[in-house]
Amino acid sequence: MSDGRLRVQGIGPLRAYVDGEEIEIGPPKQRAAFAVLALCAGTTVSRGELIERVWGEAAPATAAGSLHTYVSGLRRALGPAKDALVSDRAGYCLRLDRTMFDAIRAKDLADRARAARSTPNAPAAYERALETWTVGTLCTGVPGPFVALARDRFAELRLQLLIEYAEITGPRGLPDVISRLLLEVPAHPFDERLRTVLMRALHGSGRTADALAQYENLRSGLAAELGISPSLAIQEVYAEILADERRRAGEPPPGTPPPGEPVRPAQLPSDNDAFVGRTAELLTVMQCAGGVTEPRRRIVGIVGVGGIGKTALAVRAGHLLRDQYPDGQIYLNLRGFDPSHAALTPDAALHQLLTSVGARHIPSGREDRIVLWRSLVADKRMLLVLDNAKSDDQIEDLLPGGSTCFVIVTSRNRLSRLVVRHAARRIQLGALNDQESLSLLTTAIGEDRVRAEPESAHRLMALCDRSPFALQIAAERVVSTRGTRIGDLVGQLEDVRQRLDGLQLDDDPLCSVRGVLSWSFAALSDDAAWAFRLLGVFPGASVTRYIASALFGVPVERAEILLGKLSALCLLEQENDRFTLHDLTRVYAAELSGDLEPGERREALSRVLSWYRVTLSGWSGNGMFLRGTPVEPPHSDVPPVVFHGQQDCLRWCEAERPNIVALVRAAQREGQHGAAWHLACLVFDYFYVAGQPLEWLELLRVAMRSAEAAGNHVARAILFNHRGVAYSRLGQNEIAVRQLNRGLELLDHPDDWRYRISLLGNLASTMREAKEYEAARGPAREALVLARREGIDYYLAATHDVLCELNAETGRWEEAMRDGLPGLEYARRSRSRILEANLLINIGLAQHGLGRQGAAEESFGEALRISRDVGDLYHEGLALFGLARASARGGVAEHGAGAEVVADLARRALAPLEQLHAEEAVEVRAFLAALEV
């Protein structure tokens, strides 16, 4: 009897076996899906993640439907083992024993070998691990970006295991190891660790000429392909081998200058072992340095906020470029942002430069020094690193006059004049990426400790803003304090009030993130410093010039100038029209905002809240259920954003969502309760289509606290209404009904009748979704009566829509049309595209029920176009499902090609509905299952 035991082979071609018999996995994309699930065995992969891992970022619109087909195909192929492939709302999971997948088994053996590296059993453990790679690479021929990345990682793991094996075996395994290392060189021509261990092995076995040839091959290859030199580390290995040979031959040490010859400057600081990443930036520096036969001025400015790694990048580049500049390398710290020393004046800097190149008589005047400096280096091929420059003024007189020298400048200033007047190439350094940050932590803390606390390590990266300096301080705090775990430090840093305290070393006040930022702040003019403090009042991460204008209380043009001053010192990062503060910079600004008067802080927050409310209130379709609401009308002296339609407003809300959520929280916290609940209500339309009900409910919870604190019963009713809609979108209809009824109970005053319209309409819609059709008709009709009494197009459209959908779903097609058509006219007059799309879908359902297939398809098609224009995934899914059902009933599905069209429409409908976790996805899946039968 079959027990459904699944085994997977991934090293080489991808194969799967059930009870020892190979199964046919299927076409390429199906194989890719299976490979992803196998590589993630035991972990649930969401549908969105699986699509991205199989198709990549440019996945077609049909990917979700195709994925459903492939998963069904895999279950059929697995046969007795089909229960190993589990699916639920969260995604898919392949339950596979680690020992039954050779790729995972190989990874486990590699981990065991590395764990045993310092033990006598290490060689045997490495041999066992390497034996698993007997043939081929991982999942040969399987497509998809995830598998390609995994293939590269496994290949890298195999190479690193071989290198480590060579390092621990030493002379004991030389003949075999050397041959295996030589086989790897063609596939990894620029891997310096491979070359290093190979050179040592060749030299140790008496093949010194071959070892030197390996270095020469690497050097010439790097020069030809990348225009760079080998790293300092491998150059030192090369020098050691040469020195060893010279000692054997009795020759004097190389580089000993003849008597009387000046020493060539070689002033670069030591390279930082913790340097990680920056590959693109490093390549840019190398390319700017150019070839030795192309003389031209070469200047690179590396700019960025303090602690971001400018000096480390400049020094690493300097070491890589040493061979291209044989006349020497000069390093000069200009101390532009040094708290313990005054910035170096151009006169003093010129004195140091002249001393570095051996000038015996240094003139006293600056102009004479400039002339002498440029004369002495006119024909030299020299590298000059000017570190920590304060401004362009400090640099210009230090630039060589010729074009044979290469200059690297680092600064927190953007060095705009250097770019404009001297054609310098500016490299803006940002935060490290996740992989680079993890690599830095692993190097500083240790691989075992990071691997033992992966979640804490990733959280530490985020709390340190992925800043190299902050990460190194954090790592030192973990390593230097006995018994400290990564999670312990994370717990301290989670408290934003202690974060900057936690990112400093107790015995060295200069090793402090707060200190580094303070040096930049000290360089600001008074007005820019005041603006920076006010940015600490704003709870969001980025601002535009209009937001800054409201926050600062100055005209837009003045705000833009102030933002420019902060951006010039890299305290802000500009991208298009937005200015962003990195997380640690924002924490520091918030600290400094405490220096402002309490009234000034409150007024600044109030101004920016008012600007957001004026902007959102300006969109006529965005005031749902808010007309006449007892809240003080907002006012702003700053021009609001003007929207040209509902889609413009929704796209703006998507960009501003983090700021809006943060502002509601800040307003509630600071007691500005009217602004808090009002702003939360104004983003109803956005959250209605955005598919983020949990975040929406959390925002409404905060807003409700403000409405309760303000004692505003109408505001509470509005918020109960919005909460009812959010719970309904989650499919939690019972909770939604309770929320809506609580809102109606609050509206017991004679003047509250107009506020009941939306609550009654949403109550009717929720009851319809719960299949309580007759119970829904009462509130739906009452809502329509009140809407006619109010006479506002938006409410008339919404209430007609509720009745249209209720009648369409219960098969009362003619009644649905009688309610839907006038509702559609009201929706268009109110300019609510969301309501218009929903009405078109309901009208399409009625037309479909009446047998008017052409009209139904036209209604669904127009709803689809509107939904895509607005970015409304929910109604896009419903419109596509309507088209699928209309096509099926119209006879399209009666033959093979037509059936595929219907299935494709249904699959395309399923994708956005599943993404939003909408309950209608269940109906679409049932429709697809019926098609397959």
Q: Walk me through it: do Met704 and Trp677 pass the test side chain to side chain contact (heavy atoms under 4.5 Å, CB included)?
A: CA-CA 7 Å; Met704 184 66 81; Trp677 73 256; over 6 Å; no
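- One finds the CD1 atom of Ile660 at 5.0 Å from the SG atom of Cys653 (value rounded to the nearest 0.5 Å).
- Across all their heavy atoms, Leu730 and Pro693 have their closest contact at CD2-CG, 3.5 Å.
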Q: Would you sort out whether Arg885 and Leu845 count as a side chain to side chain contact (heavy atoms under 4.5 Å, CB included), showing the intermediate values?
A: CA-CA 9 Å; Arg885 289 191 290 185; Leu845 291 172; 3.1 Å; yes
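- Side-chain atoms of Gln30 do not come within 3.5 Å of backbone N or O of Pro27 as any donor-acceptor pair.
- By the 30° and 60° cut-offs, the orientation of the rings of Phe881 relative to Phe927 is perpendicular.
- Within the model, atoms CG of Asp819 and SG of Cys804 stand 6.5 Å from one another, a figure rounded to the nearest 0.5 Å.
- In this structure, Leu880 and Glu876 have side chains that are in contact, with non-hydrogen atoms separated by less than 4.5 Å.
- Between Trp696 and Tyr686, the distance separating the two ring centers is not shorter than 6.0 angstrom.
- Looking at heavy atoms from C-beta onward, Tyr826 lies in side-chain contact with Asp793 at the 4.5 angstrom threshold.
- Closest approach of Arg651 and Asp869 over heavy atoms only: NH2-O, 2.5 Å.
- Of the residues listed (Arg657, Arg729, Arg701), the one engaging Glu695 in a salt bridge (charged side-chain N to carboxylate O under 4.0 Å, His left out) is Arg657, and it is the only one.
- Atom OG1 in Thr799 sits 11.5 Å away from atom CD1 in Ile792 (nearest 0.5 Å).
- Using a 4.5 Å cut-off on side-chain heavy atoms (C-beta onward), Ser66 and Lys29 make no contact.
- The residues Glu745 and Arg742 are annotated as not salt-bridged, no charged nitrogen and carboxylate oxygen being separated by less than 4.0 angstrom.
- Without hydrogens or angle criteria, Ser728 side chain to Gly724 main chain gives no donor-acceptor distance under 3.5 Å.
- With hydrogens and angles disregarded, a donor-acceptor distance shorter than 3.5 Å links the side chain of Asn842 to the backbone of Asn838.
- Contact of the His722 side chain with the Gln739 side chain is not registered, since no non-hydrogen atoms from C-beta on lie closer than 4.5 Å.
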Q.
Please determine whether salt bridge (charged side-chain N to carboxylate O under 4.0 Å, His left out) holds for the pair Arg578 and Glu575, giving the CA-CA distance in whole Å, both sets of side-chain angles, and the decisive distance to 0.1 Å.
A. CA-CA 5 Å; Arg578 300 199 77 85; Glu575 184 174 356; over 6 Å; no
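- Counting only heavy atoms from C-beta outward, the side chains of Glu914 and His68 never approach each other to under 4.5 Å.
- Between Glu656 and Thr615, the closest side-chain pair of non-hydrogen atoms is not below 4.5 Å.
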Q: Show the numbers, then the answer: is there a side chain to side chain contact (heavy atoms under 4.5 Å, CB included) between Ser542 and Ile547?
A: CA-CA 9 Å; Ser542 66; Ile547 298 170; over 6 Å; no
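- In terms of heavy-atom proximity, Val683 sits nearest to Leu699 at CG2-CD2, 4.1 Å.
- Nearest heavy atoms, Ala856 versus Gly844: CB-O, 3.5 Å.
- Of all non-hydrogen atoms in Leu873 and Pro912, the two that sit nearest each other are O-CB, 3.6 Å.
- Atom CD of Glu862 has more than 12 neighbouring heavy atoms from other residues, nucleotides or ligands inside a 6.0 Å radius.
- To the nearest 0.5 angstrom, Ile866 atom CD1 is 9.0 Å from Ile841 atom CD1.
- Rounding to the nearest 0.5 Å gives a distance of 11.0 Å between CD1 of Ile834 and CD of Glu836.
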Q. Yes or no on side chain to side chain contact (heavy atoms under 4.5 Å, CB included) for Leu786 and Arg754, after CA distance, side-chain angles and deciding distance?
A. CA-CA 7 Å; Leu786 292 177; Arg754 63 173 56 88; over 6 Å; no
Q. When you look at Arg777 and Asn807, which way does the side-chain hydrogen bond (donor to acceptor under 3.5 Å, both in side chains) test go after all the steps?
A. CA-CA 9 Å; Arg777 293 187 185 280; Asn807 286 321; 2.8 Å; yes
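- When all heavy atoms of Val45 and Cys40 are compared, the pair lying nearest together is CG2-CB, 3.9 Å.
- A heavy-atom distance below 4.5 Å is found between the side chains of Asn659 and Tyr612.
- Salt-bridge annotation for Glu900 and Arg907: present, with a side-chain N of the basic residue lying under 4.0 Å from a carboxylate O of the acidic one.
- Of the inter-residue distances, the one linking Phe146 atom CZ with Leu37 atom CG reads 9.5 Å to the nearest 0.5 angstrom.
- Contact annotation: the side chain of Tyr688 approaches that of His875 to within less than 4.5 Å [non-hydrogen atoms, C-beta and beyond].
- Within the 3.5 Å criterion, the main-chain N or O of Leu14 finds a donor-acceptor partner in the side chain of Arg31.
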Q) Going through the checks in order, is the salt bridge (charged side-chain N to carboxylate O under 4.0 Å, His left out) test met by Arg76 and Glu24? A) CA-CA 10 Å; Arg76 287 193 296 271; Glu24 178 54 50; over 6 Å; no
